[in-house]
Structure formats: C-alpha cells, structure tokens
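Remarks on the structure that follows.
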Amino acid sequence: MKVAVLISGLCHSKAPQTNVKRNIERIRRFFPSSDFFFATYTQFKDTFEENFPEEKCLFVDEPKIDYHPYSIDKQHWESNRYLETKQFIMRSPERTKWAGHHTKQHLIHSYLCDTIDIKQYDVIVRARFDTWIWDKADFGPFIKSTHMNQTINAFAATKWQKHFEKIREFDSKPGGRHHNWLLDQLIIYPSSFLDTSYVYKLHEEKRLHPAEMGWYQILSRPNGSKHKCWDGWVNHDKHILTKYFKG
C-alpha cells in the first residue's frame, strides 16, 4: 500500500513554541514510509526554501475568491454544525472577512494533486504546515481502514484543552449535529475519491462550500458519504497547549 502525504496552504506557524520545519518533521514521524509533497503560495517561497532546502514545492499565486462561500444558497444536505458555524461567522464583520478565504485550502490541495501521479498511490493524507499531532497518535489503523473499506477518516481537536490525547468518534448520523461535516486538520482518504475538475467547476460556479463543509462536498458526498470524523490527536499549532510541544 502506497501513501502520499500532501502538505499545503500557508507556510507559517502561529505558535511561539514551534515552527514549520519542526511541524513537518513531526508529521514525518507518523508517516515514515510515505512520499511527501508540498504546495504553498508564492509569497511564502523564501520561507519554504529556507526551511526545506532539499524539498520540491509547488508555488502558486493565492487564488482570488469573488464570492463569499458562506453566502451560498442553503443546500438540503447542509449539516447542523455548518449552520451554527455560518451564523457565528456572519454575525461579525471581522470573522466574515476572514472566512471569505475558506475555499482556498481546497483549491491549493487540488492544484498539488494535479502535479502528482495520484494513481500510483492508494491513500492520500492531507495536512497543513501548522498541523501538530499528539505524540502518541497512531494513524496506522486508520490508513488501513481507509484503504480496505474505501472510507475517509478525518481528524481535529475541536475542544483543544480537553480532547487531544484521546479520540472520540462524532455521531454523524442523519439529523446529527455533525452530519455531512468533514473535520479538516488532517484528512486520510482513498486516492480515487478526489476529482479535481469537480473542485474547479464548483469554484467557477461559486458553489464550492468553505472549510469542513467544502471537504465533505468534494471528498465524501460524491463517494457515498463514507467518512468518519474523529475529535482529538490533531490540531493547528496555535491551539495546542504548551505541554504538548515537549514530545
């Protein structure tokens, strides 16, 4: 079984206790036999080359988003969790402006996929430059499950002070709060699940949803909504308690 780890997005770290180089070195520990690929925006070219002089990277201009992804007309499959998030974001002009960028992550991941011979891999792991993983996490069973069952396993510590060392599965049954919602700090999915042309079509038609909802829309929904969301083990580094940087 061949696994590719794709790191993409903003090449920076917001936590004073770490940096992008240390973050990626840590991710490598959890996927030691995998091939790694990188993509970031042109404004981070110097930062990437300084930290990863031996690595190749796809550099792209940051895409322009000419619609607000949270303003898309309501879809019958939208999750309760998404509707709560949408209300929270749209109440604040500051948050509304920030959330306008929440489809760029899907686009840059797709750009990177298009530069790789995806068919030679069985499983794709999608992560970010600011991804931080708990020291004793074990993704082996989830890689195997993804491949054998052709399903997605998605991770994020949604309550970072309480749910990091242990993982719990969200109830994603129809009508549940997390139904049709795909956590996005680290996503493990079958390589055949992503159709990048579909991502670009949604973007051009201004129908690509943001963040977790967008990942569900492009990865899980077209493939029978086969996924599990796991609360814990992974988060972006600015939401990690200091004690977890010691490992």
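The analysis underlying the following values was restricted to heavy atoms, covering all of them including side chains, and did not include hydrogens, waters or symmetry mates.
When each of Ile24, Thr18, Val20 is paired with Arg22, the side-chain contact (heavy atoms from CB on, under 4.5 Å) condition holds for Thr18 and for no other. Checking each of Ile187, Leu183, Ile188 against Phe155 for a side-chain contact (heavy atoms from CB on, under 4.5 Å) leaves exactly one that passes, namely Ile188. Checked options Asp130, Asp237, Thr131; the residue passing with Asn23 is Asp237 (criterion: side-chain hydrogen bond (donor to acceptor under 3.5 Å, both in side chains)). Checked against Phe139 for a side-chain contact (heavy atoms from CB on, under 4.5 Å), the options Thr146, Val125, Asn153, Ile133 give a single hit: Ile133. Across Phe48, Phe44, Tyr111, a single residue satisfies ring pair (Phe, Tyr, Trp, His ring centres under 6.0 Å) together with Phe38, and that is Phe48.
For Glu54 and Lys21, the salt-bridge test fails: no basic side-chain N is under 4.0 Å from an acidic carboxylate O. Arg168 and Asp231 are joined by a salt bridge, as a carboxylate oxygen and a charged side-chain nitrogen come within less than 4.0 angstrom of each other. The pair Glu49-Lys45 meets the salt-bridge criterion, since a charged nitrogen lies less than 4.0 angstrom from a carboxylate oxygen.
Ser13 and Asn19 are not linked by any side-chain donor-acceptor pair at a separation below 3.5 angstrom, with hydrogens and angles left out of the test. In this model, a donor atom of one side chain and an acceptor atom of the other lie less than 3.5 Å apart for Asp35 and Tyr121. Using modelled atom types and a 3.5 Å distance limit, the side chains of Asp184 and Tyr216 yield no donor-acceptor pair. Neither side chain, Trp233 nor Glu165, offers a donor N or O lying under 3.5 Å from an acceptor on the other. Inspection of the Lys226 and Gln150 side chains reveals no N or O donor paired with an N or O acceptor under 3.5 Å.
By the side chain to side chain contact (heavy atoms under 4.5 Å, CB included) test, Arg207 pairs with Lys201, Leu202, Glu205, sequence neighbours left out.
Between the CG atom of Asn149 and the CZ atom of Phe142 there is a distance of 12.0 Å, given to the nearest 0.5 Å.
Residue pairs satisfying the salt bridge (Lys or Arg N to Asp or Glu O under 4.0 Å) criterion with at least one member in residues 83-105, sequence neighbours excluded, are listed as follows: Glu62-Lys104, Glu84-Arg177.
By the 4.5 Å heavy-atom criterion applied to side chains, Tyr41 and Leu10 are counted as neighbours. Considering only heavy atoms from C-beta on, His209 comes within 4.5 Å of Tyr82 through its side chain. Considering only heavy atoms from C-beta on, Thr151 comes within 4.5 Å of Ser145 through its side chain. For the pair Tyr67 and Ile72, the minimum side-chain heavy-atom distance is below 4.5 Å.
Figure legend: cation-pi geometry between Arg126 and Tyr189 absent, as NZ or CZ is not positioned both under 6.0 Å from the six-membered ring centre and within 45° of its axis.
Aromatic pair Phe170/Trp181: ring centres not closer than 6.0 Å. Checked against the 6.0 Å centroid criterion, the rings of Trp132 and His236 do not qualify as a close aromatic pair.
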Next on the checklist: Walk me through whether Cys113 and Leu194 qualify under side-chain contact (heavy atoms from CB on, under 4.5 Å).
Outcome noted: CA-CA 9 Å; Cys113 285; Leu194 183 63; 3.8 Å; yes

